[in-house]
K.L.:
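So that we are looking at the same thing, I have put the structure below in C-alpha cells.
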Amino acid sequence: MTDTASDNDGTKPEGEETRRDFLILAAGAMGAMGGIGVVWPLIETMNPSADVLALSSTEVDISSIEVGQSITVKWRGKPVFIRRRTMDEISAARAVKIDELSDPQSDQDRVQEAEWLILVGVCTHLGCIPLGNKLGDPRGDFGGWFCPCHGSHYDTSGRIRQGPAPENLKVPEYTFLDESLIRIG
Amino acid sequence: MATPIHRYRIVQWIDYRLPIFSWTNEHLIDYPAPRNLNYWWNFGSLAGFMLVVQIVTGVILAMHYTPHVDHAFKSTEHIMRDVEWGWMMRYLHANGASMFFVVIYIHIFRGFYYGSYKSPREILWWLGVIILFLMMGSAFMGYVLPWGQMSFWAATVITNLLSAIPWIGETLVTWLWGGFSVDNALLNRFFSLHYLLPFLLCGVVFLHIWALHHRKSNNPLGIDIKSSKDTIPFSPYYTIKDMFGLGIMLFVLAIFVFYLPNYLGESINYIEADPLVTPPHIVPEWYFLPYYAILRAVPDKLGGVIAMVASIAILFVLPWLDTSKVRSARFRPLYKQFFWIFVADCIVLGWVGANPPEGSFILIGRICSIYYFAHFLIILPLLGKFERTKPLPESIHQAVLPSESPQNASGVPPDDPPNTTSPTPPSTGKQ
Amino acid sequence: MRYTIILVAILFGLTLVTISDADAAGDALEPPDHEWSHTGVFGTFDRAELQRGFQVFQEVCASCHSLNYIAFRNLIEIGFSEDQVKAIASEYEVEDGPDGEGEMFMRSARPSDYFPAPFANSQAARSANGGSLPPDLSLMVKARDGGLDYLYGILVGYEEEPPDGFELAEGMSYNHYFPGHQIAMPEPLYEDAVEYSDGTEASIDQLAHDVSVFLAWTAEPELEIRKQTGLKVLIFLAVFTALIYIIKRRVWAKLH
C-alpha cells in the first residue's frame, strides 16, 4: 500500500498534465503579480509625502536686493544663493575660457538674466555650505565663493576653479514670475 | 542530505558551511506531518504570517510617526493623509492586530479541543502562552501610540492597575510612567518597547516551532504518530493547503481594511488625548474584553488584577489540570460539551467587558468569571477521573485511509484498543 | 451536544435582553437614515456636494470651528482648479516669521498652508463661546458614534421649544439627536443661510446634507481610492484563492 504521493505512472491522460501545469502557471503568475502589488506600495510609502511635495517650490521677492548684494533663502531644506551681480562680476565670468574649466559651462548657460545668479549653496564635493554670501565672508581666489571644508574655490558664475569639488555649484530650476518675484523649484 | 537542489555544486558548497538548504528541506519540505490534519491546523501558519504583516507595516509606519505628545496624533493623521499609501499601512496595521488575535484565539482553542497541550507538548504550550502575553503587551502599547482619547485613558487605567500591588505598587507606577501621570515619558518608552517586543516574539516563535518539530504535530484524533504511514511530507500537501487558508484570511482582512476600517475600533480615538476630560466609557479593544470583564468582576482592586493575570497564567498549568489520558475531544463526549460551554463563556465575558459595569452585567460578569476558573480548576480535573472516553483508533493511517480499516474511517476500532498515550478503559463497542 | 447549544443560546439570550434595556448613551434617538453617495462598496463623493459643503463650512461653521488637518491644496481633490485653490487661499491670512527684525507677521495664505483656526487657542475659543469649546471638525465624522448620520441629525434636529417637562439649561438649545438633548451650539443653519454659487436651493436639509458630506471628506479624503483599491484586491484574492483551492484538491487527490 503506497503511503506517499505516487508519481504519474504514465497512464494519466495528456490533458490532465497540461491542465495541472496551466493551473500552476496561472497561480504562479498571479502570485508574482500579487507579490509586486504588495511590495510596490511599501516602496512608494517612502516617497516624499504630499506635504513635503507642497513645499517643493518657494517664491522669493528679489526687489529689495541691491546690486552686488546676495541673499540666502531656504529651498527643499537647502540654502539657495541669490546674487545680484555687478557688471565687473558678469564680465569676469564671461571672460573665462570654457575649456580651462574642469566642469566646462558658459556663464550664459547658467543664468536666465545676467544680473541674477541663482545657485544651490551646497559644495559639490562633500556638501558643506561655501562662504561668500555674507558681508565680510572670504570669497576665494576667483571672486565667487570659497568652501572652508576642503578648499574649493568657485568663480563669479559659481563654477569650480580650484579644489576638490568635481562640479560647478548647481543651478536650481527657477522662473521669473515677474520683475521682482522668482519661483524656485 | 540529497534533495533535488543538491545537484548544484554551489548549493553543496553553501550547505556544507551553513546548512540552510538541508535545513529548509528538513523543516519545510520533507517534514513529516500527520496526514489527517484538518483546517483548524492552518491557524499557526496564519499567525506567523500576521506577525510578518505587523512587523512590515509597523516598520513603515515608524518611518513617519513621531512619538511625542505634541506630535503623535498629528503625525498619525499625516500618515493617513499625506504619506503615499499611508492610510493603507495604518489600517492594515490596526486591523492586522485584530486579525492576529482572531487567528491566535482560534489556534489556542484548537489546542484546547484536541489536547495539544498534553505531554509531550507542555513546553510547546508554555511558549505559546508566552507568545500570547507578548502579543497582548505589544497590542496594548501600540494602541497608546496614536494618542487619542482612548489611547490615553486606557493607558491611564491599565498602568494604574499596578498600584494595586502592595507596598511597591505606587513606586512601580511612577517608575513605569517616568513621571506623575501618563505623559510624554510614557509615550516615548511605549514606542520603544512596542518596536522591541515583536522581535522578542520572533525569537519565541522560533523556539515554539522548534519545540513543535521536535515532537511533531498533534492531530485531530489525538493519537501518536506510529510509523511513516501516518504522515505525509509537509510540502506540497500542507504548503498548498496553508496557501489556501492564507487566501481566505487575506480576503477577510481586506474587507475590513478597505471597507470597514474603523468597525472594530473606538470612534473616540479620533479625538486627541485630553488629560482633563475622561470619556464616558473606557473600553479596550475587543481582544482584551474578556480579561477586562474578569478584572471588573472582582470588587477588590488587587483581587481584580490577580484574577485578570491568573486567567491567562492558569494556562501554564493546564497540562496538569486536565487529567484525562485522552487528548482529542473527538473521543471525549463530556469534555466536548464543556468545551463549547467554555467557548460560550468566553464570548459572554467579552460582551460583558464591552458594556458598562452596571445592572445585570455585574452579576453575569461574576458568574461567567467564576465559571471560567471553575472550568480549569474543577471541571477539567474531575472529567479526567470520571469521564468515559470513546475507544481510540489503532493508528492514524488505519483510521484515515479507507482501504485499511475494516469499517469506514471514523475511528471505530478493532476489538482490542491498542496502547496509545496510556491505557484506555476497555471498550464496550458502544458510542 | 444538543443541550450545549441550548445552554449557549440561553446565555446569549440573557445577555442580549440586558443590552436592550438601556442605551448607555443616554436614550438619544437614532439619527435618521439618509442617502449618501459615498457609502457602499462602489461609493464616490459628489464633487458638487463637496464644493457646496465647503461653501457652507466657510460661511457658517468656520467662524467658530477650526479645520486643522485640511490644507488649501487638499481642495484640489474636491474639484477646484489650482488657480481657484490659490485664490481661495489668498483670502485667508496666516502667521509667518520671524522676519529680519525678529517679529512675527501676517501674510496671505498659500496652497501649502493649512486652514487658519478662528481662535488662537482653546481658552480664547471658550471665552468667545460662553465657556464651550467648538471642536475641530476635520475628523468629526469619524470621532462620533453614528458618524455622518449623527452629524446630519444634529444639524436638522433642533427644536424651537423643548418638549413639556424638559428642563433646558441657560444658553443651551434642545436637539433631538444630541445625547442628553441639550447642546451648547445654537442652531447654525437656517433657510438660505448661504447663497450657493451653483444656484441650488439652500434649504436647511440641503445645507446640512452638503456640509455633512464635506466633513465626511475631510475625515476620510482617501475614501474613493480606498474602496477602488479594495475592489481590486478582493477580486484578485477571490480568483487567486479559487485557483489555489483547485490546485490543492488536485495535489491531495494523489493521496487517495
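In what follows, chains are A, B, ... by sequence order, proteins preceding strands, each numbered from 1. All values below come from the heavy atoms of this structure, side chains included, with hydrogens, waters and symmetry mates left out.
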K.L.:
Is there side-chain contact between Tyr259(B) and Val41(C), with at least one heavy-atom pair below 4.5 Å?
P.N.:
yes

K.L.:
For Thr241(C) and Gly247(B), work out which heavy atoms get closest and say how close.
P.N.:
OG1-CA, 3.3 Å

K.L.:
With no hydrogens and no angle check, is any side-chain donor or acceptor of Arg81(B) less than 3.5 Å from a backbone partner on Asn74(C)?
P.N.:
no

K.L.:
Find the distance between CD1 (Ile244(C)) and CG (Asp242(B)) and round it off to the nearest 0.5 Å.
P.N.:
11.5 Å

K.L.:
Which value, rounded to the nearest 0.5 Å, describes the distance between Trp87(B) atom CH2 and Glu220(C) atom CD?
P.N.:
11.0 Å

K.L.:
State, with a plain yes or no, whether a side-chain heavy atom of Phe251(B) is found less than 4.5 Å away from one of Phe236(C).
P.N.:
no

K.L.:
Within the distance-only criterion (no hydrogens, no angle test), does the side chain of Tyr270(B) pair as donor or acceptor with the backbone N or O of Val141(C) below 3.5 angstrom?
P.N.:
no

K.L.:
List the atom of Leu255(C), the atom of Arg35(B), and the distance in Å for their closest heavy-atom pair.
P.N.:
CD2-NH2, 3.6 Å

K.L.:
Counting only non-hydrogen atoms closer than 4.5 Å, does Val343(B) touch chain C with its backbone (N, CA, C, O), its side chain (CB onward), both, or neither?
P.N.:
neither

K.L.:
Measure from NZ or CZ of Lys142(C) to the centre of the six-membered ring of Tyr263(B) and say whether it is under 6.0 Å with the direction within 45° of the ring axis.
P.N.:
no

K.L.:
Heavy-atom distance under 4.5 Å to chain B: side chain of Ile246(C), backbone, both or neither?
P.N.:
neither

K.L.:
Is Gln84(C) atom CD crowded by more than 12 heavy atoms from other residues, nucleotides or ligands, each under 6.0 Å away?
P.N.:
yes

K.L.:
Side chains of Glu222(C) and Tyr91(B): closer than 4.5 Å at any heavy-atom pair?
P.N.:
yes

K.L.:
Quick check on the interface: out of Pro280(B), Gly265(B), Pro261(B), who has the most heavy-atom pairs with chain C under 4.5 Å?
P.N.:
Pro261(B)

K.L.:
Decide yes or no for Ile247(C) and Phe244(B): does some side-chain heavy atom of the first lie under 4.5 Å from some side-chain heavy atom of the second?
P.N.:
no

K.L.:
As an exercise: rank Leu250(B), Leu246(B), Thr239(B) by heavy-atom pairs under 4.5 Å with chain C and give me the winner.
P.N.:
Leu250(B)

K.L.:
Under a 4.5 Å heavy-atom cut-off, does chain B meet the side chain of Leu231(C), its backbone, both or neither?
P.N.:
both

K.L.:
State, to 0.1 Å, how close Arg144(C) and Ile271(B) come at their nearest heavy-atom pair, and which atoms those are.
P.N.:
NH1-CD1, 3.2 Å

K.L.:
With a 4.5 angstrom heavy-atom cut-off, which part of Asp82(B) approaches chain C: side chain, backbone, both or neither?
P.N.:
side chain

K.L.:
Look at Asn68(C), Thr229(C), Leu243(C) and state which one has the largest set of heavy-atom pairs under 4.5 Å with chain B.
P.N.:
Thr229(C)

K.L.:
How about Ile240(B) and Trp252(C): do any of their side-chain heavy atoms sit closer than 4.5 Å?
P.N.:
yes

K.L.:
With the side chain counted from C-beta on, respond yes when Glu77(B) and Leu139(C) share a heavy-atom pair under 4.5 Å apart, and no when they do not.
P.N.:
yes

K.L.:
Of the backbone (N, CA, C, O) and the side chain (C-beta and beyond), which part of Glu272(B) lies under 4.5 Å from a heavy atom of chain C, both, or neither?
P.N.:
side chain

K.L.:
Any chance you could measure Met243(B), atom CE, to Tyr245(C), atom OH, to the nearest 0.5 Å?
P.N.:
15.5 Å

K.L.:
Sort Arg250(C) into side chain, backbone, both or neither according to what part of it lies under 4.5 angstrom from a heavy atom of chain B.
P.N.:
neither

K.L.:
Using non-hydrogen atoms only, which part of Ala71(C) is less than 4.5 Å away from chain B: side chain, backbone, both, or neither?
P.N.:
neither

K.L.:
In terms of heavy-atom pairs under 4.5 Å with chain B, which of Arg249(C), Gln228(C), Met140(C), Arg73(C) leads?
P.N.:
Arg73(C)

K.L.:
Is Lys74(B) close enough and on-axis enough to Tyr69(C), meaning under 6.0 Å and within 45°, for cation-pi?
P.N.:
yes

K.L.:
Is chain C contacted by the side chain of Ile367(B), its backbone, both, or neither, given a heavy-atom distance below 4.5 Å?
P.N.:
neither

K.L.:
Count the heavy atoms of every other residue, nucleotide or ligand shown that sit under 6.0 Å from CZ of Arg47(C), and state whether that count exceeds 12.
P.N.:
yes

K.L.:
Side-chain contact, heavy-atom cut-off 4.5 Å: Pro221(C) with Met80(B)?
P.N.:
no

K.L.:
Can you check whether Lys227(C) reaches Phe258(B) side chain to side chain, under 4.5 Å on heavy atoms?
P.N.:
no

K.L.:
Please classify the contact between Ser122(C) and chain B as side chain, backbone, both or neither, with a heavy-atom cut-off of under 4.5 Å.
P.N.:
neither

